[in-house]
Amino acid sequence: MDLSQLKRRSDFEWEIPQRGAMRVPAVIYASEALMREMDQKVYEQAVNVATLPGIVKASYAMPDAHWGYGFPIGGVAAFDPAEGGVVSAGGVGFDISCGVRCLHTGLARADVMAVQKELAEMLYYRIPAGVGSTGAIHLNETEMDAMLAGGAKWAVERGWGEAADLERTEERGQMPHAKPGNVSALAKKRQRDEMGTLGSGNHYLEVQEVTEVYDEAIARAFGLARGDIVVMIHCGSRGLGHQIGTEYLKRMAIAAPQHGIRLPDRELACAPIESDVGQDYLGAMRAAINCALANRQILTHLVRKVFADVLPQARLALLYDVSHNTCKVEEHRADGGTRRLYVHRKGATRAFGPGHPDIPEALRAAGQPVLIGGSMGTGSYVLAGTGESEARSFSSACHGAGRAMSRHQALRTWKGRQVIDALASRGIVVKSPSMRGVAEEAPEAYKDVSAVVDAADLAGLAKKVARVEPLVCIKG
DNA sequence: ATGTTC
């Protein structure tokens, strides 16, 4: 990115001052090094978002921001419905409510290493992964609607999990105001056989070791200590969310001009929050959030069953489950008052600070766990929300490493086998149905997740708590 | 991300 057009507010905060059609400034949080290698498209897209009606304070980009559909991935924007604010399908992303869930195991490294290969084989055998993968669960129309309204709560009620899991899931496992009736028959059909499946791309399920602790007190509150083994699940709403995104983008492309909204980029298709299309999308998107929450809940159940067979002494308790592709109604302080805003986070993780009422009681004093998925082999991070991120980014942080190289370029550079062998030599067992997928997801095709997380920490978006590194990775 | 093609 060309930094000459930005105003440096501080070491980790860069402003694109308001000009032209921008209603607010744009703000990017990153180190100078990350800024220099960041795609120029992030600048353009953050500026474009700043022109949308009803946007409040600023259009934000996180340290892992990169080029997305309309909005940058790693983008945060909040809109006020009372000021003509909009909701945008491209501001949420195609994989609605994609997110990360982290489970304690109570195990140590030696427990896992003694059965590492068997554990990997069993997880791979029992957890469907890859494009178009289907599971053992098949939903009829009634159950589909119950799932879309009930989320993880629905899954737990049907035996896939424990009531305690819901306490540790955003929205207590059930996104309110979901409208299954707003989800098309095609979107439902695509999802009928896909519950409890991982999907593809950067989605993964990993058994990881806590290798570093940066904040002892918060780590203790989160139940994490160096040497602990955890399970991290990164996936979303599969075909259903994608279909909803596709359909509503088309409807919003038509709706925007009808409501007098001038778009600097067609991909910014949006509709006023208080319009029919806007309300329809919010109902469908919330149903997709429930789909993703239910999906991660069912996957949790499948993981528990594998551990019960392979490592029966394990006790898999949920630390937290947080999404990074959503639009949520939240109260935020802005312009001297508290306002109810529609906060879009696309490739950005909610990061509520200590004391926020939506954080589970047992974790409330420490701040919300912010789960950051790295690329396979490079490690992932647990952070905690801070009080100051409320003013900085509507309580949002980064979501992952972000690609440094296109999938195409990665395919030309590596073979899947070669990536698997290289990780095996570092003690990491990778299982995947797709060698092509593994090559595309080679660790070197991603930015350095540590640099991203350090920038998020130093910018005050969230606080570093622990680093985890994989021992077993199931890749879609 | 994605029945990898609007």
Side-chain angles (χ1 to χ4, degrees), chain A residues 45 64-75 88-101 128-135 138-139 144 183-195 197-205 233-254 265-267 269 284-285 288-289 291-293 295-296 299 323-327 344-349 373-376 399-403 405-412 416 432-441 445-446 474-476:
Chain A
Q45 293 191 319
D64 52 337
H66 53 285
W67 184 13
Y69 186 93
F71 285 56
I73 296 163
S88 170
V92 171
F94 281 91
D95 190 8
I96 296 167
S97 201
C98 183
V100 180
R101 166 176 285 225
V131 176
S133 51
T134 55
H138 311 284
L139 301 183
M144 175 64 68
V183 178
S184 72
L186 178 56
K188 290 175 182 175
K189 183 177 166 228
R190 283 181 67 173
Q191 195 59 30
R192 208 165 45 190
D193 306 315
E194 289 195 347
M195 295 309 293
T197 66
L198 201 54
S200 65
N202 69 354
H203 290 169
Y204 64 73
L205 188 153
I233 300 169
H234 176 205
C235 69
S237 53
R238 307 285 287 105
L240 180 130
H242 189 267
Q243 187 63 32
I244 290 171
T246 304
E247 291 170 8
Y248 278 92
L249 271 168
K250 285 179 192 159
R251 283 186 66 186
M252 287 176 173
I254 296 165
D265 174 358
R266 291 170 55 99
E267 294 185 354
M285 181 210 62
I289 289 177
C291 176
L293 296 178
N295 195 34
R296 290 197 287 273
L299 287 166
S323 301
H324 49 236
N325 282 0
T326 59
C327 174
H344 293 65
R345 295 188 183 88
K346 178 187 189 179
T349 311
S375 62
M376 101 187 122
H399 86 304
R403 291 199 76 88
M405 188 188 283
S406 72
R407 294 188 177 278
H408 191 72
Q409 196 183 344
L411 280 177
R412 283 196 315 242
S432 173
S434 167
M435 282 306 108
R436 178 188 167 144
V438 170
E440 287 179 350
E441 293 293 321
Y446 278 84
I474 309 300
K475 199 76 187 162

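Proteins get letters first, then strands, A, B, ... in listed order; numbering begins at 1 in each.
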Sugar-phosphate only, base, or nothing, as touched by A:Glu194 at under 4.0 Å among non-hydrogen atoms = sugar-phosphate
key: Distance in angstrom units between A:Glu440 CD and B:dT2 C1', rounded   = 12 Å
key: Upstream residue (5' side of DNA chain B) when A:His242 and A:Val131 are each assigned their closest nucleotide   = A:His242
task = Nearest whole angstrom, please: distance from the P of B:dT2 to the CG of A:Leu249.
result = 16 Å
request  = Determine whether A:Leu186 and A:Glu247 make a side-chain contact, defined as any pair of heavy atoms from C-beta on separated by less than 4.5 Å.
outcome  = yes
request  = Give A:Leu240 one of three labels, base, sugar-phosphate or nothing, depending on what nucleic acid heavy atoms sit under 4.0 Å from its own.
outcome  = nothing
task = Provide, to the nearest angstrom, the distance between the CG atom belonging to A:Leu411 and the P atom belonging to B:dT4.
result = 16 Å
query = Which part of the nucleic acid, if any, lies within reach of A:Gly199 when heavy atoms closer than 4.0 Å are counted: base, sugar-phosphate only, or nothing?
reply = sugar-phosphate
ask   = Counting just side-chain N and O atoms, does A:Arg407 come under 4.0 Å of either OP1 or OP2 of B:dT4?
value = no
message = Test of understanding: with ring pair (Phe, Tyr, Trp, His ring centres under 6.0 Å), list the residues that count as partners of A:Phe94, not counting sequence neighbours.
response = A:Tyr69, A:His242
remark   = Contacts of A:Lys250 and A:Gln243 projected onto DNA chain B by closest heavy atom; the upstream (5') one is A:Gln243
task = Answer yes or no: is there a side-chain heavy-atom contact under 4.5 Å between A:Met376 and A:Val438?
result = yes
request  = Round to the nearest Å and state the distance from A:Ile96 atom CD1 to B:dT2 atom C1'.
outcome  = 12 Å
inquiry  = Just to be sure I understand the rule, does A:Gly201 reach a base, reach only the sugar-phosphate, or reach nothing, if contact means heavy atoms closer than 4.0 Å?
reply    = sugar-phosphate
request  = Grab the CZ-P distance between A:Arg403 and B:dT4 for me, whole Å please.
outcome  = 18 Å
key: Pairing of A:Arg403 and A:Glu441 as salt bridge, 4.0 angstrom limit   = yes
remark   = Taken to the nearest whole Å, CG/A:Asp193 to P/B:dT2 is 16 Å
ask   = Counting only side-chain N and O atoms of A:Ser200, is one of them less than 4.0 Å from OP1 or OP2 of B:dT4?
value = no
query = Can you name the side chain to side chain contact (heavy atoms under 4.5 Å, CB included) partners of A:Leu299, sequence neighbours left out?
reply = A:Ile127, A:Leu198, A:Ile233, A:Cys235, A:Asn295, A:Leu302
query = Can you tell me how far P of B:dT5 sits from CZ of A:Phe94, to the nearest Å?
reply = 13 Å
query = Whole Å only: how far is the CZ atom of A:Arg238 from the P atom of B:dT2?
reply = 5 Å
